[in-house]
Amino acid sequence: MRMPLCVANWKMYGTLAEARPLAAGVRDGLRRAKDVETVLCPPFTALSAVGEILAGSNVGLGAQNCHPEPSGAHTGEIAPPMLAELGCRYVILGHSERRRELCETDELINRKLRAALAHGLTPILCVGETAEERRQGLTFTTVEGQLRAGLAEVPVETMTGVVLAYEPVWAIGTGANATPAQAAEVHGYLRGLLSELASKDAASAIRIVYGGSVKPENAEVLAAEAEIDGALVGGASLNAQGFVTIVKKTARAGAVRGN
Ligand code: PEP
């Protein structure tokens with residue numbers, strides 16, 4: 001059984017004054033949580049402070065991006081060993097906002113992913129189609145291209161060290177989530193591809209989380225789908241109580257599913 005995973009993507013929200021109470025609220029709200037893994041991904045500037053607040057708790061730390069090189073003349077960038085040093089265990093890569101706003105290519109995302117793995121970080125590789133691609137029937141083509149390119153040259157034996165996030169672009173920040181059936185269909189397709197790229201066993205061990213307008217009201221019905229292994233949460237993760245509810249509902253659905 002795959003352990004459900006809930007990841008909070010705080011995006012570019014969270015001064016230290018905001019990040020500290022938010023992280024403490026999540027930590028305290030999940031003190032007794034079990035059967036679920038939780039990760040907070042604050043902005044780089046809050047990683048250290050949030051890491052201190054989460055130390056010794058059952059909530060982990062992640063980052064929202066990294067550079068593909070371990071060091072070098074890359075002004076303004078953050079390297080994987082710097083994240084590992086701060087206690088990060090996860091890093092979100094290929095988020096659609098970065099693909100769109102910063103023109104991140106599949107090739108660059110693949111280099112970042114391999115660098116993350118090489119430095120002991122678990123990459124959360126985001127894939128997802130735009131509304132137009134879905135309308136044109138290109139959903140599977142799009143996510144397949146992103147998955148194959150994102151995992152290019154990753155040795156089969158390390159592929160289980162990756163988490164996938166299916167994030168339809170049209171669902172991110174819009175309030176309009178994919179239906180559980182829509183998400184499960186794409187997750188199933190991605191898992192089929194993973195079987196081909198790695199092995200059936202590896203594919204069944206890799207977690208595929210869903211992201212796109214996950215909120216307390218829809219978290220349970222999404223996580224009840226056998227193919228949905230948790231959530232990547234943007235807007236709704238900025239409220240501690242709301243995010244804690246999402247995590248608890250995801251855990252509950254996962255436990256029911258596993259029985
Ligand atoms: C995201 O940014 O990854 C995301 C899923 O955002 P939201 O939950 O706000 O749709």
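Basis for what follows: all heavy atoms, side chains included, without hydrogens, waters or symmetry-related copies. Atoms within a ligand are numbered from 1 in the order they appear, just like the ligands themselves. None of these values were measured; they are calculated from a predicted model.
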For this session: Using a strict 4.0 Å cut-off to heavy atoms of G235, name the atoms of ligand 1 that fall inside it.
Result: 7 (P), 8 (O), 9 (O)
Exercise. Should you measure from each heavy atom of L232, which atoms of ligand 1 turn up under 4.0 Å away?
Worked result: 3 (O), 5 (C)
Problem set entry | Atom indices of ligand 1 within 4.0 angstrom of G173 heavy atoms, with elements | 7 (P), 9 (O), 10 (O)
Exercise. For ligand 1, which atoms, with element, lie under 4.0 Å from some heavy atom of A171?
Worked result: 10 (O)
Exercise. Quick check: does G234 get an N/O under 3.5 Å from an N/O on ligand 1?
Worked result: yes
Exercise. Which heavy-atom pair separates A253 from E220 by the least distance, and what is that distance?
Worked result: CB-O, 3.7 Å
Seminar exercise, completed: Logged contact type for I172 with ligand 1, heavy-atom cut-off 4.0 Å, is both
Exercise. Out of K11, E97, H95, whose heavy atom sits nearest atom 6 (O) of ligand 1?
Worked result: K11
Exercise. Near G212, which atoms of ligand 1 are under 4.0 Å from a heavy atom of that residue?
Worked result: 5 (C), 10 (O)
For this session: State whether the number of non-hydrogen atoms from other residues, nucleotides or ligands found under 6.0 Å of Q241 atom CD is greater than 12.
Result: no
Exercise. Considering residues, nucleotides and ligands other than Y13, do more than 12 of their heavy atoms fall under 6.0 Å from its OH?
Worked result: no
Exercise. Quick one: CG on N9 to SG on C126, what's the gap to the nearest 0.5 Å?
Worked result: 7.5 Å
Exercise. So which heavy atom on L22 is nearest to which on L238, and how close?
Worked result: CD1-O, 3.6 Å
Seminar exercise, completed: atom 5 (C) of ligand 1 sits nearest the protein heavy atom E167 OE2, 3.1 Å
Exercise. Short list, please: which atoms of ligand 1 are under 4.0 Å from a heavy atom of S213?
Worked result: 7 (P), 8 (O), 10 (O)
Exercise. Can you list the atoms of ligand 1 that are under 4.0 Å from a heavy atom of N9?
Worked result: 1 (C), 2 (O), 3 (O)
For this session: Please step through side chain to side chain donor-acceptor pair (under 3.5 Å) for the pair E227 and Y166, ending with a clear verdict.
Result: CA-CA 11 Å; E227 278 298 341; Y166 169 55; over 6 Å; no
Exercise. Would the number of heavy atoms belonging to other residues, nucleotides or ligands and lying under 6.0 Å from CD of E85 be above 12?
Worked result: no
Exercise. Looking just at side-chain N and O atoms, do T15 and E18 make a donor-acceptor pair shorter than 3.5 Å?
Worked result: yes
